[in-house]
Number of protein chains: 4
Amino acid sequence: MPKVGMPAIRKPQLIQAAIEAIDERGFSGATVSVIGKKAGVSPAIINHYFGGKNGLLEETMKSLIREFFLLLKQELVRGKKASGIDKVMIIVKTSFSHSQTQPEVVKVWMGFWALAMHSHVFLRLQRVYSKRLKTALVMELKAILDIQKAREVAHIVASLIDGMWLRGSLDGGINKSYSTKLIRSYLELEIS
Amino acid sequence: MPKVGMPAIRKPQLIQAAIEAIDERGFSGATVSVIGKKAGVSPAIINHYFGGKNGLLEETMKSLIREFFLLLKQELVRGKKASGIDKVMIIVKTSFSHSQTQPEVVKVWMGFWALAMHSHVFLRLQRVYSKRLKTALVMELKAILDIQKAREVAHIVASLIDGMWLRGSLDGGINKSYSTKLIRSYLELEIS
Amino acid sequence: MPKVGMPAIRKPQLIQAAIEAIDERGFSGATVSVIGKKAGVSPAIINHYFGGKNGLLEETMKSLIREFFLLLKQELVRGKKASGIDKVMIIVKTSFSHSQTQPEVVKVWMGFWALAMHSHVFLRLQRVYSKRLKTALVMELKAILDIQKAREVAHIVASLIDGMWLRGSLDGGINKSYSTKLIRSYLELEIS
Amino acid sequence: MPKVGMPAIRKPQLIQAAIEAIDERGFSGATVSVIGKKAGVSPAIINHYFGGKNGLLEETMKSLIREFFLLLKQELVRGKKASGIDKVMIIVKTSFSHSQTQPEVVKVWMGFWALAMHSHVFLRLQRVYSKRLKTALVMELKAILDIQKAREVAHIVASLIDGMWLRGSLDGGINKSYSTKLIRSYLELEIS
DNA sequence: GATGAATGAGGATTCATTCAT
DNA sequence: TATGAATGAATCCTCATTCAT
């Protein structure tokens, strides 16, 4: 008697458990056993639902990325009346907000980044994030700058976001207001 | 009497082997067995010289950091006549040069960064790097800006360096000239 | 649903395998690999059931002690009509019988004794045995001697039992009838 | 330029180091490395002088036994005027004195006993001790008892000595005066 | 669907020993 | 004589995965 709709329950549950496990113990400490325990289920069902540990990790990273761009989309819709720098700053702020809503994602994201360095699948996913963030920035910047300049500024802003994330991870969290202030001041300099 | 001076030969040899192993296979793939094979010695001597795998990794990271700041010092001495933005750019360029001299350090450094997230020892080391880089930047910037502003700009530049490293790691290498060009243009904007 | 009731099967099975392995190869030769092979299972399940080799050894010693005192209790119940020296001799005989039922326990017990010398856990267990045996002897002896004397005689009898075990272990077994004869003759001397 | 007489210096030095190591860390913890460190020499010379770790252990046990019987001989000479029970008690007292002079031998001796259970060489050595002790007792007892009885009493006394050693080892030492008192009272009972 | 049982491959590490110096 | 360098074998243990139930 298979219970219907179990995947829809179990999958997010296991993904969340994976995020927490990685946050707490790092990638090397996030064993299926730990993740299973955290989710309150047997480690064996990770194979059942994801075909193995790697499958779970892939889905976890996809979920993180999906969630971020969903949030970004919402924020952009909410601020669609804004213009110029403000529009760009929505992207910046959302980037930092994401980590504030779920502080554990900082460590997890960093871990995936390191993983991407040696795994084709994760590299592809990381590039998706990387490109989409830059694309979003260019989209807004080209309204106020020529396309060439827009690309350069987008690259700088994207790098600033990632760099501040990285440095923030060392201090146990990102200082959102300070980070956004600095980026805004840069943008004002660039655009005025 | 035994062979003398072996530590001076073996230690750097094993550190280099560790860097290569991590570069090729990632942290999880860099087993003592692999590192030993790469160095052409028995895995057991890792314990002999470093007291365990962790000891080797620590020394490897220390070595990377030491090497970077040694290079930086040399470059700053060489360019001591420079002034203003040029002085700052020496730091920026050295940061990117380091990875060009040894392309594999990008992945390794990123791996250590992820490791730092869950290991006290590596966190401390990473912070040493992080702070010293920023300090070096502030040092040069306060010659041309007031201290408060110098700190902010230093934070931005440091974040740009790290962020561009990070993004560069996705593309299999850092585009040094593009990166330095962008950072210089930011500095000119800020300072002029 | 998994196979149920396996612990009740596997635990005694592994304990028995451990006893045989120690008997045949000594403590240093009783590796998890050997024990696993002897039990016809993978060495890994020792961790599954006992949390590690040490856990198995602890349970093995506990099992030996439990078994002995269970046997002793039964014998004392069976001989509850006996009195005086006969009652004491039940304890003595049971001590030697235990090793006859399972000849391998002599070596194993001796091994645990040596282990107790440097391990807190095993020391505690050995003291439990040591004290309970003496207590049992005092219990019977105080029916026929004043308490002070009973304690002394108990100490002598307990020492004789252990000493004869020890010496018997050198000869590949304890000569039960000779041992009990000598102890009885001592008791008769003491009590008459 | 071989230094002459080194064996006479190194061998006892290493034997003593072995005894201390076994006392402190048990047989399993007494590695050549530890013993070497304790003796202040390289572990490698254990092979040089004893042909391997096992050689050292054999010599250590032989040394212990030799030392005990040397002491016993001296005491018997010193007390050669004594007679009857007193003569026997010299043996008993010496047995317990031995462990008082060097408290660490209790643990070491016990360890060898356990080792004897699975090693032909050590079994032989242990039997030498066991038989010589009994022979010494019979020697004195047959002056006051018929040979048959003397053998029985010798067996009892030898068992008491070993049993009390064993039990004493659990308590961190042998209570010499209590032990000798009990054995003497037994002998008086037997002989009067 | 879900589980605990069970495993095999592989992890770091320890150890006694050998060897060149 | 004495050493540190070096190793291979063997240790326990961990882990992702599979399987019968």
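Below, chain A is the first sequence line, B the second, and so on; all start at residue 1.
What separates CD1 of A:Ile9 from C1' of E:dA2 is a distance of 14 Å, to the nearest Å. The nearest whole Å value for the distance from the CD atom in A:Glu58 to the C1' atom in F:dA16 is 16 Å. In this entry the distance linking CG of D:Leu14 with C1' of F:dT1 reads 13 Å, nearest Å. With rounding to whole Å, B:Phe50 atom CZ is found 16 Å from E:dA12 atom C1'. Computed from coordinates, the A:Lys53 NZ to F:dT17 C1' distance equals 12 Å when rounded to whole Å. Going from atom CE of A:Met6 over to atom C1' of E:dA2 covers 9 Å, rounded to whole Å. Between the CG atom of A:Leu56 and the C1' atom of F:dA16 there is a distance of 12 Å, given to the nearest Å.
Here the closest heavy-atom approach between residue D:Ala114 and residue C:Gly111 is recorded as CB-CA, 4.3 Å. The heavy-atom pair separating C:Ile46 from C:Gly36 by the smallest distance is CD1-N, 4.5 Å. The two residues B:Ile65 and B:Leu125 make their nearest non-hydrogen contact at CD1-O, 3.4 Å. Taking each heavy atom of C:Tyr49 and C:Met6 in turn, the nearest pair found is OH-CB, 3.4 Å. Here the closest heavy-atom approach between residue C:Gly52 and residue C:Asn47 is recorded as CA-OD1, 3.2 Å. Minimum interatomic distance between B:Ile35 and B:Ala17 (heavy atoms only, all atoms of both residues): O-CB, 3.7 Å.
Under the 30°/60° scheme for interplanar angles, the aromatic rings of C:Phe112 and C:Phe122 are found to lie parallel.
Take the nearest nucleotide of DNA chain F for A:Gly29 and for C:Val34: the residue whose nucleotide is more 5' is C:Val34. Mapping B:Ala30 and D:Val32 onto DNA chain E via the closest heavy atom, the residue that lands nearer the 5' end is B:Ala30.
Of the residues in residues 37-49 of chain D, those lying under 4.0 Å from DNA chain E by heavy-atom distance are D:Ala44, D:Asn47.
Distances from the side chain of C:Arg10 to the nucleotides E:dA2, E:dT13, E:dA6 place E:dA6 closest.
The side-chain heavy atoms of B:Trp113 and A:Ser169, taken from C-beta on, include a pair separated by under 4.5 Å.
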Encoded 5' to 3' (Watson-Crick or G-U under 3.5 Å; [ ] crossing; | other strand), DNA chain E becomes .||||||||||||||||||||
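A side-chain hydrogen bond (donor to acceptor under 3.5 Å, both in side chains) with A:Gln13 is found for one member of A:Gln16, A:Lys11, A:Arg10 and no other, namely A:Arg10.
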